[in-house]
Structures are given as structure tokens and as C-alpha cells.
Participant: 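Dropping the structure in here first, questions after.
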Amino acid sequence: MALLTIICYPDIRLHTVAKPVAAVDERIDTLVADMLETMYEANGVGLAATQVDVHERLIVMDISEGRDDPLVLINPKMLWNSSETHLNEEGCLSVPGIYDSVQRHDAIKIEALDRSGNSRLIEAEGLLSVCIQHEMDHLLGKVFVEYLSPLKRNRIKTKLQKAQREGRVAKLV
């Protein structure tokens, strides 16, 4: 396993729309293992392949208290979302140190392949629903700060660019 570099906002690569995973094979299994290791090392609860500069529809997450129940979603597809929404405080490994409220659906239903390539139907609410929606946005090339006002987004961009210049977060490529 290997730690991967997490791309930081406002890097343009975060806006790349991910392509479907063609085959769940050894390469994907290695990528999943590396992404999980990277996510755990960074104290995150979710990580999309886009965030590590792999533009395929792959997400890993673990919202368990013991950090021992990983969920792998390959080629996730939204089937349904509730009309009810609420604000959730979100952060992102690609936007280090920034947290803000984002409106998300209360409940969702998705279909995805698991790490073995088996199809799964997942109904989620609460934190799991929020995490899945957040990570699926990454696969569409969208970062959570894009839900914020232009003023907030520009302040975040300026703050992160300064941190990058000072070497406190990874530099843009």
C-alpha cells in the first residue's frame, strides 16, 4: 500500500468529471487499498478517486467510530433522493481546514459495485447520506465550496493559495 497525494482546491484537476471504472481488477483493488490508507492517514471519512488525480468513478469511505468498516463504491449511480433537505457542516480533504454548511438531501438510494465487483443497492440517511453525496459530487468535478457564495469561495481560494505558497498544504501543479 502507498500514501497518495491529495489534490487541494482550487486545483483545476478537481473539476474533472470521472469516467466509469471499466473493470474491477487488481489495479482497482490496489487503488482502493491506497485510497483507504490515504484517507485514514489524513483523518478523513471519505475520499473520491478524483481527489488523488485518478479520474474514475471510485469512492472509499468509513464513517464508523472504530474506523474499521470501510465502504467502497465503484461506479455509483444515484437512483433516488428525498425531497427533504437540511444543512450539514462539511469539510473536505481537498479543502484543508475549511468547514461550512451545505444543503443535502436527507436520504438517498444508490447503486454501486463493491470492492469485489458485486452490485449493491444502498439506502442511506444521516452522515452516510451526506458523505455519499459529497463524494459523488467529486466524481462530477464539484467541490463542496462551490455551494457557497462567491465571496466565501474567493476567501477560501485566497486562504488556500497563501497556505500553498507558504508550504502548509500541497502546492498546485
Participant: Quick one: are L79 and I110 in side-chain contact, heavy atoms under 4.5 Å?
Facilitator: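 L79 does not reach I110 side chain to side chain.
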
Participant: Where is the tightest heavy-atom contact between L36 and P70, given as atom of each residue plus distance?
Facilitator: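 In this case the closest contact between L36 and P70 is CD2-CB, 3.7 Å.
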
Participant: Checking side-chain contact (heavy atoms from CB on, under 4.5 Å) for the pair R27/E56: CA distance, chi angles, key distance, verdict?
Facilitator: CA-CA 12 Å; R27 180 185 68 84; E56 295 181 77; 2.8 Å; yes

Participant: Of all heavy-atom pairs between A23 and I28, which one has the smallest distance, and what is that distance?
Facilitator: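 Scanning both residues, the minimum pair turns out to be O-CG1, 3.4 Å.
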
Participant: How long is the gap from CZ on R115 to CG on L113, to the nearest 0.5 Å?
Facilitator: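 Separation between the atoms: 14.0 Å.
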
Participant: Between SG of C8 and CG of L160, what distance do you get to the nearest 0.5 Å?
Facilitator: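 One finds 7.0 Å between SG of C8 and CG of L160.
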
Participant: When you compare the side chain of Q161 with that of Y9, does any pair of heavy atoms fall below 4.5 Å?
Facilitator: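 Of all side-chain heavy-atom pairs linking Q161 with Y9, none is under 4.5 Å.
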
Participant: To the closest 0.5 Å, what do you measure between CE (M39) and CG (L4)?
Facilitator: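 Rounded to the nearest 0.5 Å, the CE-CG separation comes to 12.0 Å.
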
Participant: What is the distance from atom OG1 of T16 to atom CG of D53, rounded to the nearest 0.5 Å?
Facilitator: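 Going from OG1 on T16 over to CG on D53, the span is 7.5 Å.
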
Participant: Looking at E89, I'd like to know if its CD atom is crowded, meaning that more than 12 non-hydrogen atoms belonging to other residues, nucleotides or ligands lie closer than 6.0 Å.
Facilitator: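 Check passes, neighbour count above 12.
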
Participant: How far apart are the closest heavy atoms of L73 and I132, and which atoms are they?
Facilitator: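 The answer is CD1-CG1, 4.1 Å.
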
Participant: Do you know the tightest heavy-atom contact between D106 and T85?
Facilitator: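 Shortest heavy-atom separation between D106 and T85 comes out as OD1-C, 3.4 Å.
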
Participant: For side-chain contact (heavy atoms from CB on, under 4.5 Å), just list the numbers for V32 and V60, CA-CA rounded to whole Å, side-chain angles, deciding distance to a tenth of an Å, and then say yes or no.
Facilitator: CA-CA 7 Å; V32 165; V60 299; 4.2 Å; yes

Participant: Is there side-chain contact between L139 and V17, with at least one heavy-atom pair below 4.5 Å?
Facilitator: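 No, every pair of side-chain atoms sits at 4.5 Å or beyond.
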
Participant: Does some side-chain heavy atom of V45 sit less than 4.5 Å from a side-chain heavy atom of M61?
Facilitator: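 They are not in side-chain contact.
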
Participant: R57 side chain to P76 main-chain N or O, any donor-acceptor pair under 3.5 Å?
Facilitator: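 It does hold such a pair.
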
Participant: What residues form a salt bridge (Lys or Arg N to Asp or Glu O under 4.0 Å) with E111, not counting sequence neighbours?
Facilitator: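 In terms of salt bridge (Lys or Arg N to Asp or Glu O under 4.0 Å), with neighbours along the sequence ignored, E111 is linked to K77.
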
Participant: Minimum heavy-atom separation for H138 and A48, please, with both atom names.
Facilitator: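 Of all heavy-atom pairs spanning H138 and A48, the closest is CB-CB, 3.5 Å.
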
Participant: Do other residues, nucleotides or ligands put more than 12 heavy atoms under 6.0 Å from the CD atom of Q103?
Facilitator: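 Yes, because the 6.0 Å sphere around CD of Q103 holds more than 12 heavy atoms from other groups.
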
Participant: Show me the side-chain donor-acceptor pairs of residues 116-130 shorter than 3.5 Å, one per line, residues at least two apart or across chains.
Facilitator:
{"unit_1": "S129", "atom_1": "OG", "unit_2": "H105", "atom_2": "O", "d": "3.3"}
{"unit_1": "S129", "atom_1": "OG", "unit_2": "Q133", "atom_2": "NE2", "d": "2.8"}

Participant: We want to know whether E90 and H134 form a side-chain donor-acceptor pair, criterion being a heavy-atom distance below 3.5 angstrom.
Facilitator: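 A donor-acceptor contact under 3.5 Å links the two side chains.
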
Participant: State whether the side chain of D34 and the backbone N or O of E37 hold a donor-acceptor pair below 3.5 Å, judged by distance alone.
Facilitator: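 Pair absent, no side-chain N/O of D34 close to backbone of E37.
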
Participant: In Å and rounded to the nearest 0.5 Å, what is the OG1 to CD1 distance from T50 to I6?
Facilitator: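 T50 atom OG1 to I6 atom CD1 measures 12.5 Å (nearest 0.5 Å).
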
Participant: Flag the pair K162 / K159 as yes when at least one side-chain heavy-atom distance between them is below 4.5 Å, and no otherwise.
Facilitator: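 SC-SC contact between K162 and K159 ruled out.
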
Participant: Drop me the distance from F144's CZ to R104's CZ, to the nearest 0.5 angstrom.
Facilitator: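 Between F144 CZ and R104 CZ, I get 9.5 Å after rounding to 0.5 Å.
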
Participant: Taking the side chain as C-beta and beyond, is there a heavy-atom pair between D114 and I74 under 4.5 Å?
Facilitator: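 When only atoms from C-beta onward are counted, I74 and D114 do not touch, as no gap falls below 4.5 Å.
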
Participant: Please say whether more than 12 non-hydrogen atoms of neighbouring residues, nucleotides or ligands are located less than 6.0 Å from CZ in R155.
Facilitator: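 Open.
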
Participant: Tell me, do I59 and M136 make a side-chain contact under 4.5 Å, heavy atoms counted?
Facilitator: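 Side chain of I59 against side chain of M136, heavy atoms only: contact under 4.5 Å found.
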
Participant: Do V24 and L71 share a hydrophobic cluster (ILVMFWY, side-chain heavy atoms under 4.5 Å, transitive)?
Facilitator: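 No, because V24 and L71 fall into different hydrophobic clusters, even though each may have its own neighbours under 4.5 Å.
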
Participant: In a table with atom names and distances, give each donor-acceptor pair under 3.5 Å that connects a side chain of residues 92-100 to protein atoms at least two apart or in another chain.
Facilitator:
{"unit_1": "S94", "atom_1": "OG", "unit_2": "I7", "atom_2": "O", "d": "2.7"}
{"unit_1": "S94", "atom_1": "OG", "unit_2": "Q51", "atom_2": "NE2", "d": "3.0"}
{"unit_1": "D100", "atom_1": "OD1", "unit_2": "K152", "atom_2": "NZ", "d": "3.4"}
{"unit_1": "D100", "atom_1": "OD2", "unit_2": "K152", "atom_2": "NZ", "d": "3.1"}

Participant: Could you tell me whether a side-chain N or O of E146 sits under 3.5 Å from a main-chain N or O of V143, the two making a donor and an acceptor?
Facilitator: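 Yes, the answer is positive, given that a donor and an acceptor are paired below the 3.5 Å cut-off.
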
Participant: Could you walk me through whether H86 and N88 pass the side-chain contact (heavy atoms from CB on, under 4.5 Å) test, one step at a time?
Facilitator: CA-CA 6 Å; H86 66 279; N88 302 279; 2.9 Å; yes

Participant: Can you check whether D29 reaches D25 side chain to side chain, under 4.5 Å on heavy atoms?
Facilitator: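 D29 vs D25: side chains apart.
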
